[in-house]
A.B. asks: 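Here you go, one structure.
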Amino acid sequence: GAVVSQHPSRVICKSGTSVKIECRSLDFQATTMFWYRQFPKQSLMLMATSNEGSKATYEQGVEKDKFLINHASLTLSTLTVTSAHPEDSSFYICSAGTSALGEQFFGPGTRLTVL
Amino acid sequence: GENVEQHPSTLSVQEGDSAVIKCTYSDSASNYFPWYKQELGKGPQLIIDIRSNVGEKKDQRIAVTLNKTAKHFSLHITETQPEDSAVYFCAAPVVTGGGNKLTFGTGTQLKVEL
């Protein structure tokens, strides 16, 4: 099946620092990648959609300058949380889409803790 | 946009019993309905999906049914096992201007008790 990896799986950082999360599709080329945020015992909240070589599309209420997304190739997208604060602590999950029919395959997630 | 409702929020069953989780959607143009299983601390895993040209799909102990007229779809797990314990999410695509986005249900915490 389609495999998506994320790195790192867990990160702890100090308030004010920036953190980069990588998302890779390992065995397929993803036309679109998605970034989600999930708080404990809640559903997935879409943050942004990115297509290779173009600017990401952010959901309403998501700060573009705080959550920087780069989609450099069909197999790699990165999310950078800039000037992280404790309220940014969450579980960040990426997914990769393979077709226009809506299929998405998720990475294992990244647990971010901002002290 | 698409609105997806999921019930129940929690479900406890005895090992060997069946479990059913139901979802409704609002956009009649939606044509793809996946189900994801998420274990604690992990990313969601696609377990089964159905497209709008069929009414039922089965994969071993898991099945999904779709009623397009009523705009609802259900996940059925038979002969439940402890390893089926997880949070299950349904989803439906945002068809109009969605760019392949999915709208997720609120999730169902399934607990299979011994």
Side-chain angles (χ1 to χ4, degrees), chain A residues 1-7 9-10 21 23-25 28 30-52 54-60 62 71 90-113, chain B residues 1-10 21 23 25 27 29-54 57 59 66 73 86-111:
Chain A
V3 180
V4 177
S5 69
Q6 261 183 262
H7 179 79
S9 59
R10 182 172 297 187
I21 303 170
C23 177
R24 294 181 185 272
S25 55
F28 64 100
T31 52
T32 309
M33 286 187 170
F34 304 85
W35 287 96
Y36 295 83
R37 182 173 180 174
Q38 186 179 38
F39 292 106
K41 296 187 178 183
Q42 293 190 19
S43 189
L44 292 82
M45 294 173 48
L46 180 65
M47 299 174 65
T49 304
S50 72
N51 293 288
E52 183 261 342
S54 61
K55 290 183 178 180
T57 301
Y58 290 81
E59 295 299 299
Q60 191 172 8
V62 178
H71 194 158
S90 189
F91 192 50
Y92 291 86
I93 317 171
C94 71
S95 71
T98 61
S99 73
L101 296 177
E103 294 170 316
Q104 290 187 29
F105 299 95
F106 284 83
T110 297
R111 173 72 60 191
L112 170 63
T113 303
Chain B
E2 178 72 274
N3 183 42
V4 177
E5 295 187 358
Q6 182 172 348
H7 301 280
S9 57
T10 59
I21 303 171
C23 286
Y25 61 98
D27 192 340
S30 290
N31 55 7
Y32 172 68
F33 306 93
W35 283 92
Y36 291 88
K37 175 184 181 181
Q38 186 177 27
E39 297 178 346
L40 189 63
K42 298 183 179 180
Q45 177 189 6
L46 178 66
I47 55 172
I48 196 168
D49 55 18
I50 191 169
R51 301 197 185 276
S52 59
N53 56 343
V54 296
K57 183 177 179 180
D59 182 3
L66 171 64
F73 57 112
V87 179
Y88 291 82
F89 292 98
C90 62
V94 179
V95 179
T96 305
N100 299 341
K101 293 192 295 188
L102 290 173
T103 297
F104 286 83
T106 49
T108 298
Q109 175 74 62
L110 174 64
K111 183 177 181 181

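Here the structure is a predicted model, which is why all the values come from computation and not from measurement. Below, read A as the first sequence line, B as the second, and so on, with proteins coming before strands; counting in each chain starts at 1.
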A.B. asks: Do the side chain of A:Ser43 and the main chain of B:Gly105 share a donor and acceptor less than 3.5 angstrom apart?
C.D. replies: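 Judged by distance alone, yes, a pair lies under 3.5 Å.
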A.B. asks: Residues two or more places apart in sequence or in another chain: which of them pass side-chain hydrogen bond (donor to acceptor under 3.5 Å, both in side chains) with B:Lys57?
C.D. replies: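 If we apply the side-chain hydrogen bond (donor to acceptor under 3.5 Å, both in side chains) test to B:Lys57, skipping adjacent residues, the hits are B:Asp49.
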A.B. asks: Would you indicate whether the side-chain heavy atoms of B:Gln38 and A:Ile93 approach each other to under 4.5 Å?
C.D. replies: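 A:Ile93 reaches B:Gln38 side chain to side chain.
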A.B. asks: So for A:Gln6, is it side chain, backbone, both, or neither that comes closer than 4.5 Å to the heavy atoms of chain B?
C.D. replies: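 Neither part.
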A.B. asks: Out of B:Gln6, B:Lys42, B:Gln109, return the one with the most heavy atom pairs under 4.5 angstrom to chain A.
C.D. replies: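 Going by pairs under 4.5 Å, I would pick B:Lys42.
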A.B. asks: Please name all residues satisfying side-chain hydrogen bond (donor to acceptor under 3.5 Å, both in side chains) with B:Thr103, sequence neighbours left out, ordered by chain then number.
C.D. replies: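 Applying side-chain hydrogen bond (donor to acceptor under 3.5 Å, both in side chains) to B:Thr103 gives none.
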A.B. asks: What residue in B:Pro34, B:Ala91, B:Gly43, B:Ala92 has the most heavy-atom pairs under 4.5 Å with chain A?
C.D. replies: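 Looking at each option in turn, the highest pair count goes to B:Gly43.
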A.B. asks: Shortest non-hydrogen contact from B:Phe89 to A:Gln42?
C.D. replies: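 Shortest heavy-atom separation between B:Phe89 and A:Gln42 comes out as CZ-O, 4.0 Å.
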A.B. asks: Which pair of heavy atoms, one from A:Phe105 and one from B:Leu46, lies closest together, and at what distance?
C.D. replies: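 Nearest pair, atom of A:Phe105 first, then B:Leu46: CE2-CD2, 3.7 Å.
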A.B. asks: CD of A:Glu103 to CG of B:Leu102: how many Å apart, nearest 0.5 Å?
C.D. replies: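 If we round to the nearest 0.5 Å, A:Glu103:CD and B:Leu102:CG are 10.0 Å apart.
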A.B. asks: Looking only at non-hydrogen atoms, find the nearest pair between A:Phe91 and B:Gly41 and report the distance.
C.D. replies: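 Smallest interatomic distance, heavy atoms only, reads CZ-O, 3.7 Å.
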A.B. asks: Is B:Pro44 in contact with chain A via its backbone, its side chain, both, or neither, using a 4.5 Å heavy-atom distance?
C.D. replies: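 When you check distances to chain A, atoms from both the backbone and side chain of B:Pro44 fall under 4.5 Å.
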